[in-house]
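Below is one structure, written out as structure tokens, with a few remarks after it.
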2 protein chains.
Amino acid sequence: MSTSVVRGVGLTPEILDRLREIVGAEHVLTTDGDVEPFSRDATPLFRARPDAVVLPATTAEVADVLRLATETGTPVVPRGGGSNLAAGTVAERGGIVLVLTRMTVVQEVSADELLAVVQAGVTTSTLADAASARGLLYPPDPGSRTVSTVGGNVATCAGGLRGLKYGVTRNYVLGLEVVLPTGEVIRTGGRLWKDVAGYDLTRLLTGSEGTLGVITEVTVGLLPMPETSRTGIAYFDSLADAGRAVTAIIAGGTLPATLEFLDRACIGAVEDFAHLGLDRDAGALLLFGDDGSPRDVVESLDRMAAACTANGARGIELATDVAGSEDLLAARRCSLPALSRLAPVTMLEDVTVPRPQIARMVDDIEEIARRHDVVCATFGHAGDGNLHPTIVFDADDHDARRRAEAAFDEVFGRAIALGGTITGEHGVGAAKLPWLAQRLGADQLALLRRVKAAFDPAGILNPGKLGS
Amino acid sequence: MSTSVVRGVGLTPEILDRLREIVGAEHVLTTDGDVEPFSRDATPLFRARPDAVVLPATTAEVADVLRLATETGTPVVPRGGGSNLAAGTVAERGGIVLVLTRMTVVQEVSADELLAVVQAGVTTSTLADAASARGLLYPPDPGSRTVSTVGGNVATCAGGLRGLKYGVTRNYVLGLEVVLPTGEVIRTGGRLWKDVAGYDLTRLLTGSEGTLGVITEVTVGLLPMPETSRTGIAYFDSLADAGRAVTAIIAGGTLPATLEFLDRACIGAVEDFAHLGLDRDAGALLLFGDDGSPRDVVESLDRMAAACTANGARGIELATDVAGSEDLLAARRCSLPALSRLAPVTMLEDVTVPRPQIARMVDDIEEIARRHDVVCATFGHAGDGNLHPTIVFDADDHDARRRAEAAFDEVFGRAIALGGTITGEHGVGAAKLPWLAQRLGADQLALLRRVKAAFDPAGILNPGKLGS
């Protein structure tokens, strides 16, 4: 009931009836049991009961729901797979959670045009698999890819493990079908890599976190699938050494497909969880990999291994085939589940700093964590400076929560001071909104609000998030 | 005097005095002779005399000029090198042309961070050379790169010959310093490849053609410089054959650095102009090239040459070194100057279609040109479907101009019907604005206007262009 305090307008029986007319009664959920799974996403500590969960099947239904919502001042929170890590899909002001997971058609995969067209509710994995079946690569691979939707990926500009070489979701979105909060359906961009007719609404909507429009269809660019890929692991005494190796790898002219790190605490947690035989005495683990022709991949890995050795690696392990590479990648892929096991609440953060500042930022995170007496482990994307410091604690330990929040408050400030940002790929959502002004400044924040109003004059779309 | 008809507010002596106070009297040009070069850009047939040309030296001066302009309702047209091809910098409503060419400091080139920070008035070539001196590549290479500025490149999302493999300006802009029309200075993005804190104003401003803000500083990402590059030429009897070769090259898993074409008329004009020894009996010329390690480049070119042979190439020439490659590239680089020699007026267009539609679009262009009795040659970027049909005629032949405009009107409609767009890389400017509604639809056009108003409530920035 706490959410009703900040709710602008509740859902009257008339509104519920009209929603049932639009999408069919079975696709409007209102009971406690039915709406419970949609009262939270993957962000700990944030939850709010929506008045209704609505599952449209078509763009026309989405448009009808939004028109009704603008007419009646009803908040609408668009949602895909619900794997958001910044409480971006929590309906803090009640209203409707609009779930796109019934729109799951892969409409086209074209090898000639190197693109795919999918409805917004298609999962990232489904898209990647459909591309792969045609010998094509969809590079963005967020950790949640088996449940996250392409619409959600676009709404958050999702990243993943291939960012350094391949970029993020933004680099692959060619066109969108979007329903505006006022019900108009627009098509931005299209099937073209080059198109400058009009403001770049495609990219503006990418990362807009469901606050400007509801994405219903996405056209993404694809790449030829690399012939093969290969991964290696290097252990270092310290993250400073690993950081120097990263700098040397990139200075050597390689932008590898994979360049990830785990700190000592994270190595220990992963080893406890998955028993991969990692060197738990190491101060840092660097996972490096590349893709391309078999010959190029071997050479690239040899060069990276040499850079690691030259920068004090205490041990190096190179996979000899794709299966072995997947085994090594598991160390990184299971970092979050491993840390989640340590305590009931896992607060996963997402600061990014310029690459040369990684070791310093991790040092600072460790110092801040010690001072606030919190259990913190850090892993992340060494290639693009994107760090995921993770603090774990007990759900009912309110003091631990307070200490964790105080620690992250300092971490965000430190990241900004180092030329970094408060979120590299997870988004602002409700969780990070309090720090946005510090990152952007008052003038830019005011501009964001004016842009929001240009799309959503009634302020119904994901209120209390970006643009609020 | 014709511009005064549509001018909202002339420049009073008081406004001129305040401009002189802001930038210094010698940097405010008002005489006919002084403003003449700023009365037009590289677009034929568009010209308008601004009331004053103002050349600021600092961001603070830009901010003062814009504040004054918003206060007094004075139009301001931002301008870099003046190489715009869509009349994007023509001051059709008079007022101030704000020229950024005094802001030419390359502030930083970092090999560690793979980025550069430059003031907006730095030329594209200067940036590329500064990067190259550190062993780094700035991929966007518009044809005007020796005169175009980085600020102008960002404002138009400039492309070039490397788009297929490397993308366009948008893919390299990491952060901007921008002065809003109301005088606030904001910093969007930063030094990071991954940053989702707030709406993506960096990418919204990229391609906004000086209508949302004045870009004063740009942070661009750079890549390691490829070891070498190599180019080849293939001749075909028809563009349809060349189109099939392009499809085969890409289906073979190669996204080459260069994939350009010239039609028969263009080959003839280039040969008349530059005497390169091209096969002028060919129906189409395909220029293909790649960069990377010497071994990879040779293999890539061999694969592409084989795809050309398999699709009916009547002759193939492979450069054996970088110098030879530059010679072959000259055929493409001098297409525009060669066509410009044919007649006083050169109308260069910029439609883009999905790659498989290139041959059909060129056929349609030829048919349309015949029907309208205009001299038309087409060259362009085969890799990304970006075509530059070019019509030449005499300046005082008003009927020829009318026929050219009628022909392009059909060409734009045809491009849209094939899933394409009215401009791939040159921009909308004043020249293409009449066709924007056809491309975007009324709802999206209305949204563009609301976005424009969110940035520029007084409508002073480049009025009569995008967002108008």
Side-chain angles (χ1 to χ4, degrees), chain A residues 111-114 156-157 159 163 168 170-171 180 184 186 188 190-200 203-204 206-208 223-224 247 250-251 253 255 296 352 354-356 384-386 419-425 427-428 436 439-441 443-444 447-448 450-451 453-455 466-467, chain B residues 111-114 156-157 159 163 168 170-171 180 184 186 188 190-200 203-204 206-208 223-224 247 250-251 253 255 296 352 354-356 384-386 419-425 427-428 436 439-441 443-444 447-448 450-451 453-455 466-467:
Chain A
D112 275 1
E113 291 194 50
L114 290 175
T156 53
C157 190
V168 294
R170 162 180 87 229
N171 300 100
L180 299 182
E184 301 95 329
I186 63 169
T188 72
R191 302 168 75 91
L192 309 169
W193 292 84
K194 275 165 112 174
D195 184 359
V196 292
Y199 297 139
D200 192 346
R203 256 58 64 166
L204 175 62
T206 302
S208 66
L223 298 179
T247 299
I250 289 171
L255 283 188
D296 288 350
T352 304
R355 197 186 309 112
D384 41 34
N386 188 195
T421 190
I422 58 172
T423 174
E425 59 185 3
V428 174
L436 195 60
R439 167 74 182 111
L440 300 182
D443 287 335
Q444 191 168 171
L447 180 57
L448 256 51
R450 296 198 299 274
V451 170
F455 280 78
L466 216 49
Chain B
D112 274 2
E113 291 192 53
L114 290 176
T156 54
C157 190
V168 294
R170 163 180 86 230
N171 299 101
L180 299 182
E184 300 95 330
I186 63 169
T188 73
R191 304 169 73 90
L192 309 169
W193 292 83
K194 276 165 111 174
D195 184 0
V196 292
Y199 297 139
D200 192 346
R203 257 57 65 167
L204 175 62
T206 303
S208 65
L223 297 178
T247 299
I250 290 171
L255 283 187
D296 287 350
T352 304
R355 196 186 309 113
D384 41 34
N386 188 195
T421 190
I422 58 173
T423 174
E425 59 184 6
V428 175
L436 194 60
R439 168 74 182 111
L440 300 183
D443 288 335
Q444 191 168 171
L447 180 57
L448 256 52
R450 296 197 298 274
V451 170
F455 280 77
L466 217 49

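Order of the sequence lines fixes the chain letters, A, B, ..., with proteins taken first and strands second; residue numbering starts at 1 for each chain. When reading the values below, keep in mind they use all heavy atoms of this one structure, side chains included, and skip hydrogens, waters and symmetry mates.
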**Request:** Take Arg203(B) and Leu204(A) through the test side-chain contact (heavy atoms from CB on, under 4.5 Å) and record every step on the way to the result.
**Result:** CA-CA 7 Å; Arg203(B) 257 57 65 167; Leu204(A) 175 62; over 6 Å; no
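Looking at Ser208(B), the atoms closer than 4.5 Å to chain A (heavy atoms on both sides) sit in the backbone and in the side chain alike. Contacts of Ala251(B) with chain A are absent, with no heavy-atom separation under 4.5 Å from either backbone or side chain. When heavy atoms are compared at a cutoff of 4.5 Å, Leu466(B) approaches chain A by way of both its backbone and its side chain. Val168(B) touches chain A through its side chain: at least one heavy atom from C-beta onward sits under 4.5 Å away, while N, CA, C and O do not. In this structure, the portion of Thr247(A) lying under 4.5 Å from any heavy atom of chain B is its side chain and not its backbone. For Leu448(B), the parts sitting under 4.5 Å from any heavy atom of chain A are the backbone and the side chain alike.
In terms of heavy-atom pairs under 4.5 Å with chain B, the best-connected choice from Gly207(A), Gly253(A), Gly198(A), Pro356(A) is Gly198(A). Between chain A and the residues Thr188(B), Leu180(B), Ile250(B), Thr206(B), the most heavy-atom pairs under 4.5 angstrom are made by Thr188(B). Between chain A and the residues Leu192(B), Leu255(B), Thr352(B), the largest count of heavy-atom pairs under 4.5 Å involves Leu192(B). Taking chain B as the reference chain and counting heavy-atom pairs below 4.5 Å, the highest number among Ala453(A), Pro224(A), Gly419(A) is found for Pro224(A). Ranked by heavy-atom pairs under 4.5 Å with chain B, the list Asn386(A), Thr156(A), Ile422(A), Val428(A) is led by Asn386(A). With respect to chain B, the highest number of heavy-atom pairs below 4.5 Å among Arg355(A), Arg170(A), Glu425(A), Arg191(A) belongs to Arg170(A).
When each of Asp195(B), Asp200(B), Val196(B) is checked for a side chain to side chain contact (heavy atoms under 4.5 Å, CB included) with Cys157(A), only Val196(B) meets the rule.
Side-chain contact between Ile186(B) and Leu440(A): absent, with no pair of heavy atoms (C-beta onward) separated by less than 4.5 Å.
The two residues Val451(B) and Ala454(A) come nearest to each other via the heavy atoms N-CB, 3.9 Å.
Looking only at distances, no side-chain donor or acceptor of Arg439(A) sits under 3.5 Å from a matching main-chain atom of Ala197(B).
Looking at Asp384(B) and Lys194(A), a side-chain N of the basic residue comes within less than 4.0 Å of a carboxylate O on the acidic one, giving a salt bridge.
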